[in-house]
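The structure appears right after this line, and notes come after that.
Naming convention: chains lettered A, B, ... in sequence-line order (proteins, then strands); numbering from 1 in each chain.
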Protein chains: 2
Amino acid sequence: MEIEAATVSKGRPREFCVDAALAAALRVFWSKGYEGASMADLTEAMGITKPSLYAAFGNKEALFNKALDLYEREKTDYMRAALDAPTARGVAERLMYGALDMYSCPENPNGCLGVISSVACGAEAECIREAVVARSATAKQAMLERFTRAKDEGDFPDDVDPAGLAAFLTAMNQGMAVQAGAGATRAELERLVETGLKLWPGR
Amino acid sequence: MEIEAATVSKGRPREFCVDAALAAALRVFWSKGYEGASMADLTEAMGITKPSLYAAFGNKEALFNKALDLYEREKTDYMRAALDAPTARGVAERLMYGALDMYSCPENPNGCLGVISSVACGAEAECIREAVVARSATAKQAMLERFTRAKDEGDFPDDVDPAGLAAFLTAMNQGMAVQAGAGATRAELERLVETGLKLWPGR
DNA sequence: CAATTTATATACCACCCGTTATGGAAATCG
DNA sequence: CGATTTCCATAACGGGTGGTATATAAATTG
């Protein structure tokens, strides 16, 4: 039983770059959501034909999961960097401005793949939603742990709840994603972030 | 040229209640989104056949817009009541707890029809998104006017921006909708609301 | 009771969906 | 070179989509 894929290919090598194709697929899912992205959309953007796609990625769901991996890999990076900030306020700043940069970057599709996929999800694609929600939960959990530590360190008053702050930041992030998807400008999102930080406890 | 529909029907009267059918359609759109709701889903929930639906409502898009009217009519009520609160903090309280009640009512589908429809919207249904976004904009505008008045009345410090507060409340509402759609419990949403109110300026 | 007008029910349309079978081209290994 | 293995392109599959034509049933008007 072969576990590893063959390191030396015997037949004709594939003519496209898997990583580039996956990046293209991510953009399509990011723009249209899981169900909104048709195989025709995907193959056209990826520059390959359907049989090639199925041979390389399995099926639509597997392709989405790999695209989601790619998306989260980058996003996780910026979140981890944010959680490494020395103070809770620093964490909030980096998280919100990071989200702002992501959502207002003109090269990115509008909105957040996670929000799009968890909201726009017909019953048939329940497993997609579950996968996305699970990842979102781990992100929230990481925030919670960071803020419990921050509370111990006296970063904010005792009457505010670390779990509440984590939920708050999550909601702000989701709200930004929705407004960005609806066409909000960077200036509008900036004002939202600044207001959120003005309300943030402490300092 | 007849402008008004005939007030006295001549032929066989329809056997179903239009309002009840529309309410059923609203629940389907609310649960599955515009594109996720198929005509089969709709007719089954409404208890009528496709020709009856098309005769009574026109087509899928017209049906959605009427369902959206119905949805907004109720939601607008609670928002207007919220904006009538004497203080800005009262407005925020009523808006957030109103949203909480709406999103955690077990009889309602999860999430917010507006968020679902604006986020989960393939290119073909662009007009749907535009309709939803336009309504959301008017709601935000009403908040903005209320908070500019509140600022003149000294409800919160001068260094906070009324437009920022409106965007903030909108984002909180959207975040609650996303988290509710993802299966958050009422307790979790309550904690989010309480944190939001704890951060609210003044008092 | 006719005649008319409308609602309903069945069936159907062309199209798009995700997925796969088929046939031929191309590159590697012996 | 020959054999083999894999990739690519075309086309088709069954099923679901929004929307509709046709025919029958039912109620109102005269």
Side-chain angles (χ1 to χ4, degrees), chain A residues 2 4-22 24-25 28-29 32-67 117 120-128, chain B residues 2 4-22 24-25 28-29 32-67 117 120-128:
Chain A
E2 290 291 330
E4 292 289 324
T7 58
V8 178
S9 63
K10 294 205 174 178
R12 171 181 175 181
R14 66 164 54 94
E15 294 178 348
F16 64 93
C17 169
V18 176
D19 290 346
L22 185 59
V28 177
F29 282 128
K32 307 194 165 196
Y34 176 71
E35 307 205 68
S38 72
M39 297 302 291
D41 293 332
L42 291 164
T43 52
E44 183 184 353
M46 299 165 82
I48 63 178
T49 60
K50 284 194 259 188
S52 300
L53 189 157
Y54 276 82
F57 300 100
N59 61 7
K60 188 182 181 182
E61 181 181 341
L63 175 63
F64 178 85
N65 280 110
K66 285 169 185 164
S117 306
C121 186
E124 68 197 21
E126 189 73 28
C127 50
I128 296 292
Chain B
E2 289 291 328
E4 292 288 324
T7 59
V8 178
S9 60
K10 293 204 177 181
R12 172 181 174 181
R14 63 165 55 95
E15 294 178 350
F16 63 93
C17 169
V18 175
D19 290 346
L22 185 59
V28 177
F29 283 127
K32 308 193 165 195
Y34 176 72
E35 309 205 65
S38 72
M39 297 304 291
D41 293 332
L42 291 164
T43 53
E44 183 185 353
M46 299 165 82
I48 63 178
T49 60
K50 279 196 272 184
S52 300
L53 190 156
Y54 276 83
F57 299 100
N59 61 8
K60 189 182 181 183
E61 182 182 339
L63 175 63
F64 178 86
N65 280 110
K66 285 171 184 164
S117 306
C121 187
E124 69 197 23
E126 190 73 25
C127 51
I128 296 294

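Atoms CG (L53(A)) and P (dA21(C)) sit 16 Å apart, rounded to a whole Å. Whole-Å rounding puts the R14(B) CZ to dT8(C) C1' distance at 12 Å. The NZ atom of K32(B) sits 13 Å away from the P atom of dG16(D) (whole-angstrom rounding). Note: CE (M46(A)) to P (dA9(D)) measures 14 Å, nearest angstrom. Taking atom CD1 of I48(B) as the reference point, atom P of dA7(C) lies 12 Å away to the nearest angstrom.
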Which atom pairs, donor and acceptor, lie under 3.5 Å between side-chain atoms of residues 42-50 of chain A and protein residues at least two apart or in another chain?
| from | atom 1 | to | atom 2 | distance (Å) |
| --- | --- | --- | --- | --- |
| T43(A) | OG1 | M39(A) | O | 2.9 |
| T43(A) | OG1 | A40(A) | O | 3.1 |
| T49(A) | OG1 | S52(A) | OG | 3.3 |

* Could you run through nucleotides 10-20 of chain C and give me one letter per nucleotide, 5' to 3': B if any protein heavy atom sits under 4.0 Å from the base, S if only the sugar-phosphate is that close, - if neither? => B------SSBB

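The side-chain tip of K66(B) does not point at the ring of F57(B) from less than 6.0 angstrom away and within 45° of straight on.
Side-chain contact between F29(B) and K60(B) is present, with heavy atoms from C-beta onward closer than 4.5 Å. For the pair N59(B) and L53(B), the minimum side-chain heavy-atom distance is 4.5 Å or more.
For the atom pair K32(A) NZ and S117(A) OG, the distance stands at 14.5 Å (nearest 0.5 Å).
Closest approach of G36(B) to D41(B), counting heavy atoms only: O-OD2, 3.8 Å.
Distances shorter than 4.0 Å separate none of the side-chain N or O atoms of S52(B) from OP1 or OP2 on dA7(C).
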